[in-house]
Amino acid sequence: MTLIADAQMALSLMDLTSLKEDDTAQSILALLDSIDPNIGLPAAICVYPQFVALVKQELSQRGWEQVKVATVTNFPSGELKLPQVLAQTHSAIEAGADEIDLVLPYQQLMAGDPDTPWQYVHSSKLACGDQAKLKVIIESGVLATPKLITEAAQLAIMAGADFVKTSTGKVPINATPEAAETILKAIKNSGKGVGFKAAGGVKSVNEAQIYLRLAEQIMGADWLSAEHFRFGASSLLSDIAVVVNGQSERS
């Protein structure tokens, strides 16, 4: 595929994200204003729970109802009590969230306790029901080893995740091709229709291409749709615009 075609595909697979501590209604509206519908629309907008209703309303007013609204729970540390996480989930869905990005209690997994993380995913999936997709953030950069990343991905899949997501974007190492390959292979080996989301650190179309080709190699080209593959990103949007508008000299 050409660079422009990959740029347009990356946009269609993007969860355009703002998860900054100083986010405001104004900054979230500015995020939406950064979208050029002439180039294309992202798959979703991912924001903190308090902005879900605002984004849902704005998307409707702009005629962009096909764009999903995603939010985060147990974010970013993965250390909240399960009742708090479920309360966040129910509240977000009531506000209009279509997708819930849950941080797995990965520290528990690293400590040798897989049961607690399984319960968080399973209970969150039950809370989502058929109203919202559940994307489970395993924090692959902290898990670090292929063994732990595989274990976390397998656990999330078995407990009911709709997607396995690499990272919160809040730790030193976020999405990497190596972690992506490990997660994609775990998904393929599971035989389940679970998706993959690369989040944190994918800032250019050239970087996005690495993940697109990797997914094609492992899962097949037909698998590359918003139902199965996402990028969690913000600055990637501006590079996509540069590429699509023909301002790039890159090959």
Distance from His122 atom NE2 to Leu126 atom CG, nearest 0.5 Å? 4.0 Å
Atom of Leu184, atom of Ala215 and distance for their closest heavy-atom approach: CD1-CA, 3.9 Å
For atom CG of Leu80, is the number of surrounding heavy atoms from other residues, nucleotides or ligands below 6.0 Å larger than 12? yes
For Lys68, does the NZ atom sit with more than 12 other heavy atoms under 6.0 Å from it, leaving out its own atoms? no
Quick check: closest heavy atoms across Val136 and Ala161, and the distance to 0.1 Å? CG2-CB, 3.5 Å
Under a 4.5 Å cut-off applied to non-hydrogen side-chain atoms, are Ser123 and Leu82 in contact? yes
Between Lys203 and Ser234 (side chain of the first, backbone of the second, donor and acceptor by atom type, cut-off under 3.5 Å), is there such a pair? no
Is it the case that the side chain of Asp23 and the backbone of Lys20 share a donor-acceptor pair, with hydrogens and angles ignored and the cut-off at 3.5 Å? yes
Test item: Asn245 side-chain N/O and Ala241 main-chain N/O as donor-acceptor pair under 3.5 Å: yes
Distance check, rounded to the nearest 0.5 Å: Ser140 atom OG versus Leu104 atom CG? 11.5 Å
If you measure from OG on Ser124 to CG on Leu102, what distance do you get to the nearest 0.5 Å? 4.5 Å
Is there a side-chain contact between Thr166 and Ile137, using heavy atoms and a 4.5 Å cut-off? no
For the residue pair Tyr211 and Phe231, categorise the inter-ring angle as parallel (less than 30°), tilted (30 to 60°) or perpendicular (more than 60°). perpendicular
Stepwise side chain to side chain donor-acceptor pair (under 3.5 Å) test for Asp239 and Ser204: CA-CA 6 Å; Asp239 195 55; Ser204 71; 4.6 Å; no
Test item: Asp15 side-chain N/O and Thr17 main-chain N/O as donor-acceptor pair under 3.5 Å: no
Where is the tightest heavy-atom contact between Val52 and Gly96, given as atom of each residue plus distance? CG1-C, 3.8 Å
side-chain contact (heavy atoms from CB on, under 4.5 Å), that's the test. Do Trp223 and Phe229 meet it? Break it down for me. CA-CA 8 Å; Trp223 197 78; Phe229 188 103; 3.8 Å; yes
Are Val121 and Phe163 linked, directly or through intermediate hydrophobic residues, by side-chain heavy-atom contacts shorter than 4.5 Å (ILVMFWY only)? no
Are the side chain of Thr168 and the backbone of Lys170 linked by a donor-acceptor contact shorter than 3.5 Å? yes
Nearest non-hydrogen partners of Leu214 and Pro177, listed with the distance: CD2-O, 3.4 Å
So do Leu236 and Ile240 actually touch side chain to side chain, heavy atoms under 4.5 Å? yes
When you compare the side chain of Met9 with that of Leu224, does any pair of heavy atoms fall below 4.5 Å? yes
From the options Val164, Thr176, Thr182, select the one residue that forms a side chain to side chain contact (heavy atoms under 4.5 Å, CB included) with Ile149. Thr182
How close do Met219 and Ile187 get, counting heavy atoms only, and between which atoms? CE-CG2, 4.0 Å
Do you know the tightest heavy-atom contact between Ala175 and Val202? CB-CG2, 4.5 Å
Main chain of Gly201, side chain of Asn174: is a donor-acceptor contact present, judged purely on distance under 3.5 Å? no
Can you find a heavy atom in the side chain of Glu65 that is under 4.5 Å from one in the side chain of Leu59? no
Between Lys165 and Glu99, is the closest basic N to carboxylate O distance under 4.0 Å? no
Kindly check if the number of other-residue, nucleotide or ligand heavy atoms within 6.0 Å of CG (Asp222) is above 12? no
Please answer whether the main-chain N or O of Gln88 pairs with a side-chain N or O of Ser91 as donor and acceptor at a distance below 3.5 Å. no
Step by step, work out the salt bridge (Lys or Arg N to Asp or Glu O under 4.0 Å) result for Asp162 and Lys192. CA-CA 9 Å; Asp162 294 301; Lys192 296 184 180 296; over 6 Å; no
So, taking the atom named CD in Gln107 and the one named CG in Leu143, what distance separates them when rounded to the nearest 0.5 Å? 9.5 Å
Please assess Ile28 against Ser18 for the test side-chain contact (heavy atoms from CB on, under 4.5 Å), listing each intermediate value before the final yes or no. CA-CA 7 Å; Ile28 298 302; Ser18 188; 4.1 Å; yes
Sub-4.5 Å side-chain heavy-atom contact between Met14 and Arg230: no
Answer yes or no: does atom CD of Glu227 have more than 12 heavy-atom neighbours from other residues, nucleotides or ligands under 6.0 Å? no
Side chains of Ile45 and Val69: does their closest heavy-atom pair fall under 4.5 Å? no
I'd like to check Val55 versus Leu31 (side-chain heavy atoms, cut-off strictly below 4.5 Å). Are they in contact? no
Verify same cluster id: Leu155, Tyr106 (apolar side-chain graph, 4.5 Å): yes
Report yes or no: does Asn74 contribute a side-chain atom to a donor-acceptor pair with the main-chain N or O of Val85 at less than 3.5 Å? no
Nearest 0.5 Å, what's the NZ-OG1 distance between Lys147 and Thr150? 9.0 Å
Before giving the answer on side-chain contact (heavy atoms from CB on, under 4.5 Å), spell out for Ile173 and Val142 the whole-Å C-alpha distance, their side-chain angles and the decisive distance to 0.1 Å. CA-CA 7 Å; Ile173 299 173; Val142 177; over 6 Å; no
Are the side chain of Asp101 and the backbone of Lys135 linked by a donor-acceptor contact shorter than 3.5 Å? no
N/O donor-acceptor pair under 3.5 Å between Tyr48 side chain and Val72 backbone: no
Look at atom NZ of Lys133 and say whether more than 12 heavy atoms of other residues, nucleotides or ligands are closer to it than 6.0 Å. no
Can you measure from CD1 (Ile138) to CD (Glu151) and round to the nearest 0.5 angstrom? 10.5 Å
Residues Gln154, Ile157; criterion side-chain contact (heavy atoms from CB on, under 4.5 Å); working and verdict: CA-CA 5 Å; Gln154 289 174 336; Ile157 293 164; 5.6 Å; no
